[in-house]
Amino acid sequence: MMDRLSGPPRLMIVSDLDFTMVDHEDPENLSLLRFNSLWEAYYRQFSLLVYSTGRSPTIYKQLRKEKPLLTPDITIMSVGTEIAYGESMVPDSDWEQCLNLNWDKDIVTQETAKFPQLIPQSDTEQRPHKVSFFLEKPNSSEVIKALSECLEKRKLDVKIIYSNGTALDVLPKGAGKGQALAYLLRKFKANGRIPLNSLVCGDSGNDAELFTIPEVYGVMVSNAQEELLQWHAENAKNNPNIIHSSERCASGIIQAIGKFSLGPNVSPRDIKDFGKCRVNVFSPGYEVVNFYLFYERWRRAEVEKSDQIFQNLKSSFYPLGTFVHPCGTEQPMKKCTDMMERLYGDKQGKQYQIWLDRVSTSQIGSDSWLVKFDKWESTGEERYCCLTTVLLTTKEDGRIIKTGDGSLAQVLEEKGYTAISAA
């Protein structure tokens with residue numbers, strides 16, 4: 001996970017998922033897609049993305065199927081009791097061993113069974129170091145106090161977390177979202193890879209611990225629940241590094257990046273005219289993200305279809321270029337441009353979206369970069385992914401693109417892109 005970084009991460013974002021990164025009241029996932037474009041354009045290559053969720057692995061994976069979530073570098077699950085690395089989610093067995101100290105799940109189960117107010121959550125949410133219940137808010141204070149006393153008499157070191165006004169989790173004393181993050185930071189420090197800046201993001205009571213970690217920036221999104229705002233008022237109201245954003249969910253995270261000057265904070269999705277947008281430093285990730293945003297807008301008829309734009313497009317392709325589909329079939333580039341012209345507006349009025357994930361860049365020459373990423377397309381509830389390879393080469397008169405995803409290569413007006421082939 002850290003091998004892809006040449007040095008310490010420039011930024012580490014540690015974010016809760018439900019109603020922080022993911023806005024369940026945003027059916028088009030617009031704020032999440034804004035964040036995705038920003039992250040893949042500017043941050044993926046040199047930074048770390050960490051999800052910290054109360055969800056178990058089972059329902060976390062289900063959320064990944066339902067929402068356009070990026071692949072994180074690290075996933076903290078089950079309210080900080082499980083840590084996994086990379087796309088394959090390799091578990092951290094050392095962390096699991098740490099949590100075994102003075103923990104006995106059987107005893108916890110026995111004692112909690114004495115409280116009829118505690119309604120067990122589904123079997124998927126009962127984890128080796130987490131026992132979870134539903135608890136109505138009017139009864140919560142008395143039940144939590146009595147349960148804590150019972151477990152203390154049984155000589156257990158536990159932590160009881162109540163969040164969202166409905167969920168109660170019993171964990172080992174050393175567990176929790178904050179403790180899991182502190183553990184990761186110790187590991188990074190031991191390897192000389194402590195992030196230059198860290199931003200934690202949350203909306204509910206089980207996120208409060210994240211904001212207690214020293215030397216991190218924090219954002220409570222605008223839709224944060226009263227339990228988190230109350231904790232902040234009682235414990236951290238004088239901390240200038242923790243803010244309550246004025247925007248919901250992922251948009252609030254973007255706002256915090258700008259507030260704390262942690263890096264670029266204008267998402268490519270917020271740019272309406274690519275021809276007037278310029279970046280100070282050439283970024284392959286930025287180029288491919290903008291490239292596919294244009295393609296999305298072309299098919300949704302959200303950019304003008306004019307002879308000038310299309311002639312600029314055709315003149316930017318290498319005349320003898322060949323497009324290679326992932327299945328192996330080849331087409332002359334002229335055939336692709338003709339097809340693209342016919343596709344203009346074919347997704348107009350539909351919820352057609354494109355996002356990139358896992359953008360990876362390797363410089364292979366003084367003016368050439370090989371860029372690999374997953375390109376996702378969705379129309380309504382249907383979506384598919386294609387592993388894509390792009391070759392970017394800078395020249396005085398433009399940039400060359402080599403793409404291999406089965407979609408049509410296309411050129412942003414005044415960008416000077418040239419598609420050679422796909423592989």
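Small disclaimer: the values here were computed from a predicted structure and weren't measured.
- When the options Tyr286, Phe373, Trp298 are evaluated for a ring pair (Phe, Tyr, Trp, His ring centres under 6.0 Å) with Tyr292, the one that passes is Phe373.
- Judged by distance alone, with hydrogens and angles left aside, the side-chain atoms of Ser37 form no donor-acceptor pair with the main-chain N or O of Arg34 at under 3.5 Å.
- Lys114 places none of its side-chain heavy atoms less than 4.5 Å from the side chain of Cys150.
- In this structure, the side chains of Gln353 and Lys347 stay at 4.5 Å or more apart for every pair of heavy atoms.
- Inter-residue side-chain proximity for Phe19 and Arg248 is flagged as met; some heavy-atom pair is nearer than 4.5 Å.
- Inter-residue side-chain proximity for Lys105 and Arg127 is flagged as unmet; no heavy-atom pair is nearer than 4.5 Å.
- With hydrogens and angles disregarded, no donor-acceptor distance shorter than 3.5 Å links the side chain of Asn265 to the backbone of Ser261.
- Counting heavy atoms from C-beta outward, Val131 and Gln126 have side chains that approach closer than 4.5 Å.
- Environment of CD in Glu142: crowded, with over 12 heavy atoms of neighbouring residues, nucleotides or ligands closer than 6.0 Å.
- In this structure, the side chain of Tyr344 engages the main chain of Val303 through a donor-acceptor pair within 3.5 Å.
- Closest of all the heavy-atom pairs between Ala146 and Phe115 is CB-CE2, 3.7 Å.
- Residue Glu66 places its CD atom among more than 12 non-hydrogen atoms of other residues, nucleotides or ligands, all under 6.0 Å distant.
- The backbone N or O of Ile364 lies less than 3.5 Å from no partner atom in the side chain of Ser368, so there is not a single donor-acceptor pair.
- For the residue pair Asn206/Ser204, the side-chain donor-acceptor check at 3.5 Å is satisfied.
- Here the closest heavy-atom approach between residue Lys375 and residue Thr388 is recorded as CB-OG1, 3.6 Å.
- Within the 4.5 Å cutoff, no side-chain heavy atoms of Asp346 are placed close to those of Tyr352.
- A donor-acceptor pair under 3.5 Å links the side-chain atoms of Lys159 to the main chain of Ala175, judged by distance alone.
- Side-chain contact check for Arg44 and Thr361: no donor-acceptor pair (N or O, by modelled atom type) lies under 3.5 Å.
- For the pair Asp357 and Glu40, the minimum side-chain heavy-atom distance is below 4.5 Å.
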**OP:** Evaluate side-chain contact (heavy atoms from CB on, under 4.5 Å) for His129 paired with Leu171, printing each intermediate quantity in order.
**Re:** CA-CA 6 Å; His129 298 96; Leu171 320 172; over 6 Å; no
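- The 12-atom threshold is not exceeded at CZ of Arg10, counting heavy atoms of other residues, nucleotides or ligands nearer than 6.0 Å.
- Checked by atom type and distance alone, the side chain of Gln117 never pairs as donor or acceptor with a backbone atom of Leu135 at under 3.5 Å.
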Subject >> Candidate pair Met220 and Trp231, rule side-chain contact (heavy atoms from CB on, under 4.5 Å), full reasoning >> reply: CA-CA 11 Å; Met220 302 177 295; Trp231 174 90; 5.7 Å; no
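- Within the model, atoms CZ of Arg383 and CD1 of Ile354 stand 14.0 Å from one another, a figure rounded to the nearest 0.5 Å.
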**OP:** Could you walk me through whether Asp104 and Arg154 pass salt bridge (Lys or Arg N to Asp or Glu O under 4.0 Å), step by step?
**Re:** CA-CA 10 Å; Asp104 191 318; Arg154 297 296 300 269; over 6 Å; no
Original post:
Going through the checks in order, is the salt bridge (Lys or Arg N to Asp or Glu O under 4.0 Å) test met by Arg269 and Glu296?
Top reply: CA-CA 11 Å; Arg269 280 195 172 269; Glu296 174 190 289; 2.9 Å; yes
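- Side chain of Asp23 to main chain of Ala250: no donor-acceptor pair is present (N/O by atom type, distance under 3.5 Å, no hydrogens or angles).
- Listed for the Ser251 side chain is no donor-acceptor partner under 3.5 Å among the backbone atoms of Ser31.
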Subject >> Test log, rule side-chain contact (heavy atoms from CB on, under 4.5 Å), inputs Leu147 and Val170 >> reply: CA-CA 10 Å; Leu147 177 60; Val170 183; 4.2 Å; yes
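- When all heavy atoms are compared, the tightest approach of Leu38 to Ser267 is N-OG, 4.0 Å.
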Subject >> Stepwise salt bridge (Lys or Arg N to Asp or Glu O under 4.0 Å) check, Lys153 with Glu149 >> reply: CA-CA 6 Å; Lys153 290 179 181 179; Glu149 292 173 353; 5.8 Å; no
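- Enclosure of atom NZ in Lys61 is not indicated, since only 12 or fewer non-hydrogen atoms of other residues, nucleotides or ligands lie within 6.0 angstrom.
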**OP:** Step by step, work out the salt bridge (Lys or Arg N to Asp or Glu O under 4.0 Å) result for Lys137 and Glu227.
**Re:** CA-CA 11 Å; Lys137 193 170 185 178; Glu227 62 203 31; 5.7 Å; no
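- Considering all non-hydrogen atoms of both residues, Asp207 and Gly202 come closest at OD2-CA, 3.4 Å.
- The side-chain contact (heavy atoms from CB on, under 4.5 Å) test with Tyr51 singles out one residue from Asp16, Thr20, Ile13, Leu69, and that residue is Leu69.
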Original post:
Between Ile83 and Tyr183, does a side-chain contact (heavy atoms from CB on, under 4.5 Å) hold up when you go through it step by step?
Top reply: CA-CA 10 Å; Ile83 300 175; Tyr183 167 83; 3.7 Å; yes
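- Counting heavy atoms of neighbouring residues, nucleotides and ligands inside a 6.0 Å radius, atom NZ of Lys372 does not exceed 12 of them.
- Within the 4.5 Å cutoff, side-chain heavy atoms of Pro57 are placed close to those of Ser78.
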